[in-house]
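A short write-up of the structure that comes next.
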There are 2 protein chains.
Amino acid sequence: MKGHQVTIKDIAKILHISPSTVSRALKDHPDINPQTKKNVQELAKKLNYKPNQIALNLLQKESKIIGIIIPEIIHYFFSTVISGIEKIANEAGYHIIIAQSDESYHKEVENVQTLLSSNIDGFIITMAKTTLNFDHFKNVEEIGVPMVFVDRSCDIVTADKVLVDDFDGAYKATTHLIENGCVNIVHLAGPQNLDIGVKRKEGFLSALNDANIETKDYSVQICDSHDHAIRLIPELLSKYNNIDGIFAVNDLTAVGAMKAVKSINRRVPEDVAISGFTNSFISYIADPELTTIDQKGFEMGQHAARMLLKRIKSDENYGPVTTILNTELVVRKSSLKNK
Amino acid sequence: MKGHQVTIKDIAKILHISPSTVSRALKDHPDINPQTKKNVQELAKKLNYKPNQIALNLLQKESKIIGIIIPEIIHYFFSTVISGIEKIANEAGYHIIIAQSDESYHKEVENVQTLLSSNIDGFIITMAKTTLNFDHFKNVEEIGVPMVFVDRSCDIVTADKVLVDDFDGAYKATTHLIENGCVNIVHLAGPQNLDIGVKRKEGFLSALNDANIETKDYSVQICDSHDHAIRLIPELLSKYNNIDGIFAVNDLTAVGAMKAVKSINRRVPEDVAISGFTNSFISYIADPELTTIDQKGFEMGQHAARMLLKRIKSDENYGPVTTILNTELVVRKSSLKNK
DNA sequence: AGGGTTATTTCAAACGTTTGCGAAATAGGT
DNA sequence: ACCTATTTCGCAAACGTTTGAAATAACCCT
């Protein structure tokens, strides 16, 4: 039950002057009598006057709000992305409004619609895994609301993107395992209809190739969940018991693999070295702590926000920009065989 | 670079009728000629007309936006709370806008101010740990913007609250440890200036008391971080080597303790059983998986949102409501000595 | 005193939408 | 042909704010 917020009109009425004068007095316009200014400003402070943002938004045709559509906020990576966005946005006087798609194409479409109608100034989006049709993004493009895609790209929509060098990250992780004495490494790969699934696999294969290690038919396993790894690994290790390294497409899968390895009484990293990908919080929780590739969520968020703000403020329609961030190898205990 | 959004005026101009007619035609007002209606609706669809929410907000003096101020989005518990809020809010046609305080009193005050000025319809807040002064909330109260506090309460501000029964949760966890054969349990407690620190400690002590177990001078240790536990536990266990159970104030501390126990070659749960509190994602990651108390983040969020919406829509000024949710014991391997 | 300048204030339109009320037009009835 | 009822539409105000332009008032100079 909102009590009446003090407006410029209220102040004007009390002081028997016009709203315009009040408005100018509040912003220290030179045309205003110092005494009037003083009266206005004092009263404004006394009544705790706060300008009505909605009215300003209407006037300036902008809401100072950035819409974020992201699969699931509970995932560490996504929440770091959000934090990065929020930081830059706030510094520029913008707010963020978050909608989750739960990896559902349908909810994503819905979110785009509702956010559009609340007049956000731009979008930052990580597409749902299930999104295969891009009409809703095309629509945003037509309306002219700027968009930046994060982490997951699609070539159909022309928009700014900030991605991470998945190939290089996978290459680095694999090379690190090799340098630490692994010769028989298995890659737990993501779905091959997803970009990250393919790129990370390719980075893995390329690293093996450059180290003159030949791949076996079991070197790549499609397996990208904690539970799947727990089921798969014991079976795999008993079948091919010379496996001495695992590079998983993400941290969660890596942790599952780690548990599985330990469960059949092999040691991590002495018997099997493990690396994940993402550097999420759980890599720090794992025992032993998990070597992984830092995916720079916070930095991605910051970049995305900067790109979006630039686009929002720009008058000219420059072509789409793609930023590819470098990953970083984070070495922890799970990969250090030699110590 | 936003292209001109289609407005009611545009439609009116094209059809040579007045904006009011267009407005009414779009909402199927009986006063409008069916033919005009048809023309308007068809053109609106063709031009992809979307009502300008900002203008509506100005008119209706509401923004349909709920402001959330939360310490850190990356914490699993908080992101589940947010998800709960979002669900209920969306169902009611509201959006959420998120601001993080990073557990800083200063940022919290700032967030309250900026959110207020963007005319949110209500607040859902989890206070920062460092917040000891409540003037900013008092201010919100005076202005008349409804507020709901989640998880952390303060008696000074009169507002709705949704809390969890910390005492009972701690009691249940402790009793569970006792039932599983622990007789010498240590509680890793939170800071005693925080409600949860005190309540959970009291639940712990009460459970011991009810089981006729006398507390030792080392039974309660102030220790609420992963790293602190890793430092503290080995020392403690070597000093008092009959300790056979640990109840930690949160999951992260429990995991630290678990690592520490394993590091000095004692087994979890056989030698030392462990329970955490929160049921965050890491309790599932830990090895062995961590027994814990589910703090019902999602439900808390849902409750908070419902309470807020009720308050927003209500005309009468009913007294503040406090909802206390029950926790739930989640039994996992880390506490099952007997198997 | 008239002309000019300057200081201070107000008017009015604008942003996009809704809505009570009045106006115009049409139709029906006698 | 006149009155009334009905249908259909437009005017204008409102939400809170900004801003160019016009208005008023006060002053100085010759």
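Chain naming here is simple, since letters A, B, ... match the order of the sequence lines and numbering starts at 1 in each. Predicted model only: the values in this text are computed from it and were never measured. The basis for the numbers below is simple: all heavy atoms, side chains too, and nothing from hydrogens, waters or symmetry mates.
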Five pairs per end, C1' atoms only: what is the angle between the end axes of the helix from C:dA1-D:dT30 to C:dT30-D:dA1, to 10 degrees?
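Computed angle between terminal axes is 80°.
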
Separation of [X] atom [atom1] from [N] atom [atom2], in whole Å?
| X | N | atom1 | atom2 | answer |
| --- | --- | --- | --- | --- |
| A:His29 | C:dA7 | NE2 | P | 13 Å |
| A:Asn39 | C:dT8 | CG | P | 13 Å |
| B:Asn33 | D:dT6 | CG | C1' | 13 Å |
| A:Lys37 | C:dA7 | NZ | P | 12 Å |

Using a strict cut-off of less than 4.0 Å between a Lys/Arg side-chain nitrogen and an Asp/Glu carboxylate oxygen, indicate whether A:Asp155 and A:Lys161 qualify as a salt bridge.
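Yes.
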
Tell me whether A:Asp28 is salt-bridged to A:Lys37, with the criterion being a basic N under 4.0 Å from an acidic carboxylate O.
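Counted as a salt bridge, because a side-chain N and a carboxylate O are separated by less than 4.0 Å.
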
Polar side chain donor-acceptor pair, [X] to [Y], under 3.5 angstrom:
| X | Y | value |
| --- | --- | --- |
| B:His136 | B:Gln113 | no |
| A:Ser20 | A:Ser23 | no |
| B:Lys50 | B:Asn48 | yes |
| A:Glu103 | A:Thr130 | no |

Hey, which of A:Gln35, A:Glu42, A:Gln41 is the one that makes side chain to side chain donor-acceptor pair (under 3.5 Å) with A:Asn39?
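Passing option: A:Gln35.
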
Hey, could you give me the NE2/CD1 distance between B:His95 and A:Ile98, rounded to the nearest 0.5 Å?
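Here the interatomic distance stands at 12.0 Å.
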
Under 4.0 Å between a side-chain N or O of B:Thr36 and OP1 or OP2 of D:dC9?
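Affirmative; the distance criterion is met.
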
Go along nucleotides 10-23 of chain C 5' to 3' and tag each nucleotide: B for a protein heavy atom under 4.0 Å from its base, S when only backbone or sugar atoms are that close, - otherwise.
BBB-BBBBBBB---

